[in-house]
Amino acid sequence: MAPKSKAAKTSAASSPASTPFKPGFAVEVSSDDHGFRGSWFTGKIIRRVANNQFLIEYDNLMEDDSGSKRLREVLNLHQLRPVLPTETGREFKFGDEVDAYHNDGWWEGHITEECGDGRFAVYFRVSREQIVFQKEELRLHREWFNEVWVPPFEQQQQQQQEQEKVLTPAVKSAETVTPVVKPSKTVTPNVKSSKTVTPNVKPVKIVTEERFSVGTPVEVSSDEEGFQGAWFSATVVQVIGKGKFLVEYQSLLADDGSQLLREEVDTYHIRPHPPQTVDGHFSLLEEVDAFHNDGWWVGMVSKFLDNSRYVVYFRNSSEELEFEHSQLRKHQDWIDGKWIVASKVLEL
């Protein structure tokens, strides 16, 4: 399943030979560790240790609590990118996808509230929390892909318009592989470890159990490796209480493949089915959900094709897949009992 694959990750450069990552080069580093997904930490290249691996030293992360020595790690090429250039004069608004500086790193989220006085509430999908930041602590979220920033800075815009395409043409078709067998265990989300406690942390409001009664169709997410960023259709079969539910998936099977998988989930991993939206045409760089392998996977439209087909880029696996228009829907987030779409709030 493409969004689970790690073999094709190529975020920073097209090949090791063309990489700009020489000793001393300043980089931003992502992590595959649980609790750190969606974050970028600054550091520098110490040396190349293998064809696609580099020894890096972090700027702000230390080896131990004494803080006497900076942490060094050997990381893969797909975990590295140049430092995002500073952009001055950026105005933020509701719905913007941003990176927020928190606990010595940049964390991906999006603005869910304009609080006034240059403050914005940012929602983080990984930890399901909202934190209020000053605008100086935010930057527009961008991806480093094929050695350009997406969305582009002004100096890149003209060149990309002339090319009429942003990302690589090497695209794999999205094959439907069913059924998907998902290990029958629930992983509790682990919020990033931190040395600094930031004020104004507001957990997202817990949805009342009354909304999810027995028989309610829902969508369920998972923190398990290879399933991040996906939502699977299920039905509530039991309200356990204390924010716990037993659900039965519509298409995922138990380990032995003999029956539909049943799993206990909490309120952080369950939501109603999103309302239908009128999706006449998807825009370049628009965030969408793509139906693949029995689930909806969050991605970004990276290219238009003929006959109402699109190429979608998945951040978790750094891969692209081709989809029909009917296999896509506008991405929405369920926050505080409301559906959040870019620049919109949908009430239920």
>> Under 3.5 Å, is there a donor on one side chain and an acceptor on the other for Glu143 and His141?
In response: yes
Val301 and Ser283 have their tightest heavy-atom pair at CB-O, 3.4 Å
Do the side chains of Lys242 and Asp266 get nearer than 4.5 Å, heavy atoms only?
-> no
Practice problem: Would you kindly confirm whether Val214 and Phe212 end up in one hydrophobic cluster when ILVMFWY residues are joined by side chain heavy atoms under 4.5 Å apart? | Solution: yes
Do Tyr123 and Glu113 have a side chain donor and acceptor closer than 3.5 Å? no
The single option from Glu87, Glu97, Glu108 that satisfies salt bridge (Lys or Arg N to Asp or Glu O under 4.0 Å) with Arg142 is Glu87
Flag, side chain of Gln53 to backbone of Ala50, donor-acceptor distance under 3.5 Å: no
Requested in this report: Check for a donor-acceptor pair, side chain of Gln332 on one end and backbone N or O of Pro275 on the other, with a separation under 3.5 Å.
Outcome: yes
From the list Trp231, Phe291, Phe314, ring-ring contact (aromatic ring centres under 6.0 Å, His included) partner of Trp296 resolves to Phe291
* Asked: In terms of the angle between their ring planes, are Trp144 and Trp149 parallel, tilted or perpendicular, with boundaries placed at 30° and 60°?
  -> tilted
**Prompt:** What orientation do Phe232 and Tyr249 show, parallel under 30°, tilted 30 to 60°, or perpendicular over 60°?
**Reply:** perpendicular
One should read off an interatomic distance between Arg47 CZ and Lys22 NZ, to the nearest 0.5 angstrom, of 16.0 Å
Heavy-atom closest pair (Asn307 atom, Glu324 atom, distance to 0.1 Å) is O-OE1, 4.0 Å
Interatomic distance, OG@Ser302 vs CZ@Phe145, rounded to 0.5 Å, equals 6.5 Å
- In terms of the angle between their ring planes, are Phe282 and Tyr310 parallel, tilted or perpendicular, with boundaries placed at 30° and 60°? perpendicular
Does a side-chain heavy-atom distance below 4.5 Å link Pro82 with Glu28? no
Would you say Leu252 ends up clustered with Val298 if hydrophobic residues are merged whenever their side chains have heavy atoms under 4.5 Å apart, either directly or through other cluster members? no
Do Phe25 and Ile46 share a hydrophobic cluster, counting only Ile, Leu, Val, Met, Phe, Trp and Tyr and linking them when any side-chain heavy atoms are less than 4.5 Å apart? no
Taken to the nearest 0.5 Å, the spacing of Leu61 CG from Arg70 CZ works out to 10.5 Å
Note: Gln130 and Ile335 closest approach over all heavy atoms is OE1-CG2, 4.0 Å
If you group Ile, Leu, Val, Met, Phe, Trp and Tyr by side-chain heavy-atom gaps below 4.5 Å, do Val150 and Val83 land in one group? no
query: Between the main-chain N or O of Arg309 and the side-chain N or O of Asp306, is there a donor-acceptor pair closer than 3.5 Å?
result: no
Taken to the nearest 0.5 Å, the spacing of Ser222 OG from Glu263 CD works out to 6.5 Å
Whether the side chain of Asp256 engages the backbone of Ser258 through a donor-acceptor N/O pair (distance < 3.5 Å, no angle test) should be reported.
yes
Rounded to the nearest 0.5 angstrom, the OG-NE2 distance for Ser39 and His102 is 11.0 Å
Inset, instruction - For residues Val311 and Leu321, determine if any side-chain heavy atom of one lies less than 4.5 Å from a side-chain heavy atom of the other. - result: no
Is any side-chain heavy atom of Val312 closer than 4.5 Å to a side-chain heavy atom of Leu328? yes
Between Asp96 (side chain) and Val98 (backbone), is there a donor-acceptor pair under 3.5 Å?
no
Does Glu114 come within less than 4.0 Å of Arg119, counting only side-chain N to carboxylate O? no
query: Side chain of Trp339, backbone of Asp333: donor and acceptor closer than 3.5 Å?
result: no
So OG of Ser221 and CD1 of Ile270: to nearest 0.5 Å the spacing works out to 9.5 Å
| Under 4.5 Å between any side-chain heavy atoms of Glu287 and Lys330, yes or no? | no
Q) Relative to the ring of Trp297, is the ring of Phe227 parallel (under 30°), tilted (30 to 60°) or perpendicular (over 60°)? A) parallel
Under a 4.5 Å side-chain heavy-atom rule over Ile, Leu, Val, Met, Phe, Trp and Tyr, are Tyr101 and Leu140 clustered together? no
Are the side chains of Leu260 and Leu253 in touch, meaning some heavy atoms are under 4.5 Å apart?
-> yes
